[in-house]
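So the structure is just underneath, and the comments pick up after that.
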Amino acid sequence: MQIAATYDPEGFRDRGFVQAITDDGAEAGPARAVADLEAEVAALEESGGPRWVWPATADIAPALLRRGVRVDRCHDLALTEALLLAYEGHCGEPRSLGAAWARLHGLPVPEDRAEGTMAAPADNPTTQPALFEPDRSRLSADVDPLRAVREVYAEQLRRIAATANPGAFRLLVAAESAASLAAAEMAHHGLPWRADVHSQILEEVLGPRPLDGSPPREMVAMAARLAEALGIRALNPDSAAQVTKAFSDAGVKLPSLRRWELEGIDHPAIPLLLKYKELSRLYSFNGWVWRDTWVVDGRFRPEYSVGGVVTGRWAARGGGALQIARRLRKAVIADPGWLFVSADAAQLEPRILAAMAQDPGMAEATQSDDMYSALAGVFEGSRDQAKLGLLGAMYGQTGGGAAAPLALMRRRFPKATALLDDAAREGERGRLVRSQLGRTCPPPSQRWQSAIAGDAEADAADDSNRRSGQVARARGRFTRNFVIQATAAEWAEVLLALLRQQLRTLDGPQLVFFQHDEVLVHAPREHAAAVTEMIIQCATAAGRLVFGPSPVRFPMSVHSVECYGDAK
DNA sequence: GCAGTTTGCGCC
DNA sequence: AAAGGGCGCAAACTGC
């Protein structure tokens, strides 16, 4: 059964409307106004788990979770709209229910409300329900909201049926919707984070916390040593201009201040500069201010944005959730009696390539848990060369140390190479490419379009032609990588959706973190073994769902640990 | 003086 | 011959 549900766009956020609908979005019962939509969802969920068809999970799920309501399945109209718009070549157009409804009726389309930067938890404690969630449905007051849900849903089903592979697209929509539920649950649970351990790390590396907000002891000391090594009185190592000038005065020309460039330069001040950058990064990115802002009641609660990246990866706002520095993972410690089951897909992207391209040689290599080692023989006995060849092909690298392994890649894995080259060529011509399930890249930007068009302009200056070529090739690298990254992201979302279902059969384990190809489940100790088994099975099932019968293996590297820092 | 852009880092 | 894809964030820098 399916139930359309929406808040009253005009009223207080508790009020809403519900109505049973058929598989194709027609009315299957009376429309009902309810005084407390969340209570209504809870009751209906209790009595048999419908599929909820609603404007946006992100708008309702946090409130439901605060009231202890967990929803089994949904169809997220906004996320689906975004997938369909991209498929149809209109990536980036407004995707709210109101926008979709307006497009359907040829009316002016409202802009989406910005997702906005998340208020830090100190200002907006998640433990305290906000009086109003932002209404992102953008539905105008004179529209019957249930009618809008039904009509947009029915239209989406028609548009899905019109895609080249409706079954695949349906899976994509289901996975994306399930992922939106998982994201809300992870934000709700939060990642266990020990503020005291975090402080300990900071003090070991930076010295005691300065009380007045000035830079900590070790940074000041390193800056002083750096100045001394350069023979000057003082400098601000954060200022590129000052650093470049100081090295120049010392007779060293720096091509840039990138770490990998600096590492190739022989000067006694270079290691000091690198060390300073390391300290500075920790201090400014994950220092005491970060901890005070983002760690509340022993939990780090970022806000995830499902579909926030064009490739289908999640984005996160607030606290740099998807860039938790490895050294800080020591502060991620399970509650007493609990463990983290940490799982990451080993070498996901080359496996995705092997499955998409149905390349027999690469598929054979996926039988191994370490593809690169399995392929070392092909790459003159070097695991590193194998890795360079595979990654270089997927990222569109051409020169440098990758040239030789890329040539081998081309010769030994022609089907895989052809898939990537085709994607790159399509991109260079300004065309769209799609993932395995149908997620579609954005059309070329204005800059790309004029650059690609500029190629044809006979009287364009050489300089302009060269720039055009560069821009077109950059687009080619993007589309080349898009097909792989987007398919990897959807494989991971399918895995997450399956795992979320499985975990519901246990009492206790919670998804607390997801990062592209890695999941973290916080589980009572006695459930860790069962969770481990579930993850491994879900990975295999995800491969079958996304690719059908395929010899390609998707092994997971799974560890049960008390501390996330010990996971790898 | 403020807002937008650039640079560089680190995560995948 | 050849600048490897995606992101978020902080500080410096640039332009108005």
Side-chain angles (χ1 to χ4, degrees), chain A residues 115 117-118 120 215 219 235-244 254-263 273-274 276-287 289-290 293-294 302-305 307-329 344-349 352-353 387-403 405-406 420 423-424 427 433 435 439 441-442 466-467 469-489 492 513-519 564 568:
Chain A
E115 286 190 70
T117 321
M118 183 191 181
M219 271 174 74
L235 92 165
N236 173 10
D238 286 320
S239 165
Q242 286 186 40
V243 172
T244 309
L254 299 179
S256 81
L257 297 182
R258 289 185 183 84
R259 202 183 58 183
W260 63 270
E261 300 245 44
L262 296 178
E263 278 167 352
L273 177 58
L274 291 172
Y276 177 88
K277 281 167 164 280
E278 188 188 326
L279 298 177
S280 169
R281 165 93 187 175
L282 178 65
Y283 173 66
S284 63
F285 211 78
N286 290 119
V289 173
W290 182 92
T293 307
W294 292 105
E303 180 181 305
Y304 297 99
S305 168
V309 180
V310 289
T311 57
R313 280 186 174 180
W314 294 12
R317 280 182 314 278
L322 299 185
Q323 298 121 268
I324 298 174
R326 286 180 170 273
R327 71 194 316 171
L328 283 179
R329 295 179 184 182
D344 77 283
Q347 304 154 347
L348 179 57
E349 296 194 340
I352 293 287
L353 173 60
K387 187 172 177 179
L388 210 54
L390 262 56
L391 294 180
M394 289 188 291
Y395 290 155
Q397 189 171 8
T398 50
L406 280 169
L420 296 167
V433 296
S435 70
R439 191 185 300 271
C441 75
R466 192 163 56 244
R467 225 179 354 258
Q470 281 172 5
V471 171
R473 278 191 295 279
R475 168 86 185 167
R477 283 193 301 276
F478 167 64
T479 51
R480 168 190 291 271
N481 184 254
F482 180 93
V483 293
I484 302 300
Q485 192 181 118
T487 304
F513 192 56
F514 171 68
Q515 181 173 242
H516 311 314
D517 62 357
E518 176 182 356
V519 294
Y564 185 31
K568 280 189 203 170

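The sequence lines fix the lettering, A, B, ..., with proteins before strands; numbering per chain opens at 1.
- Residues passing the side-chain contact (heavy atoms from CB on, under 4.5 Å) test with A/Arg281, sequence neighbours excluded: A/Phe285.
- Taking atom CG on A/Leu235 and atom P on C/dA12, their separation rounds to 12 Å, with Å as the unit.
- One finds no salt bridge joining A/Lys277 and A/Glu263 here, because no Lys/Arg side-chain nitrogen approaches an Asp/Glu carboxylate oxygen to under 4.0 Å.
- An aromatic stacking contact links A/Tyr395 with the base of C/dG5, defined here by ring centres under 5.5 Å apart and ring planes under 30° from parallel.
- If you measure from atom CG of A/Asp238 to atom P of C/dC13, you get 9 Å, rounded to the nearest angstrom.
- Going from the C1' atom of B/dT7 to that of C/dA3 covers 15 Å, rounded to whole Å.
- If you take CD1 on A/Ile324 and CD on A/Gln515, they are separated by 6.5 Å, rounding to the nearest 0.5 Å.
- Using a 4.0 Å heavy-atom criterion, one finds that A/Asn236 contacts the sugar-phosphate atoms exclusively.
- Closest approach of A/Ala489 to A/Arg313, counting heavy atoms only: CB-N, 3.8 Å.
- Rounded to a whole Å, the CZ atom of A/Arg258 is 12 Å from the P atom of C/dG4.
- Among the nucleotides C/dC7, C/dG4, C/dC13, the one closest to the side chain of A/Arg477 is C/dG4.
- Mapping heavy-atom proximity under 4.0 Å, the span of DNA chain B touched by chain A runs 5' to 3' from B/dG8 to B/dC12.
- Note: NZ (A/Lys277) to C1' (C/dA12) measures 12 Å, nearest angstrom.
- Among the atoms of the strands shown, only primed sugar atoms or phosphate atoms (P, OP1, OP2) are found under 4.0 Å from some heavy atom of A/Ala241.
- Among the protein residues, A/Ile484 comes within range of no part of the nucleic acid, since none of its heavy atoms lies under 4.0 Å from any strand.
- Where A/Gln323 and A/Arg313 meet DNA chain C, the nucleotide closest to each residue was compared, and A/Arg313 sits on the side nearer the 5' end.
- Between A/Thr311 and C/dG5, a side-chain N or O to OP1/OP2 separation shorter than 4.0 Å is absent.
- Put simply, CZ on A/Phe514 is 16 Å from P on C/dC7, counting in whole angstrom units.
- Take A/Ala315 and apply the side-chain contact (heavy atoms from CB on, under 4.5 Å) test, not counting sequence neighbours, and it matches A/Ser305, A/Val309.
- Backbone-only contact: A/Ala316 has heavy atoms under 4.0 Å from sugar-phosphate atoms and none from a base.
- A donor and an acceptor atom never sit less than 3.5 Å apart when one is taken from the side chain of A/Gln397 and the other from the base of C/dA3.
- Between the NE2 atom of A/His516 and the P atom of C/dG5 there is a distance of 16 Å, given to the nearest Å.
- In this structure, A/Arg326 reaches the sugar-phosphate backbone alone: every heavy-atom distance under 4.0 Å involves primed, P, OP1 or OP2 atoms, never a base.
- For the pair A/Trp260 CH2 and C/dG4 C1', the interatomic distance rounds to 12 Å; values are reported in whole Å.
- Closest approach of A/Gly307 and A/Trp314 over heavy atoms only: N-CD1, 4.4 Å.
- Using a 4.0 Å heavy-atom criterion, one finds that A/Gln485 contacts the bases of the nucleic acid, with or without backbone contacts as well.
- Expressed to the nearest 0.5 Å, how far CG of A/Leu391 lies from CD of A/Gln397 amounts to 9.0 Å.
- Between the CG atom in A/Asp517 and the CD1 atom in A/Ile352 there is a gap of 10.0 Å [rounded to 0.5 Å].
- Residue contacts for A/Arg329: at a heavy-atom cut-off of 4.0 Å it reaches the sugar-phosphate backbone alone, with no base atom in range.
- Here the C1' atom of nucleotide C/dG6 and the CG atom of A/Leu348 are 14 Å apart, to the nearest Å.
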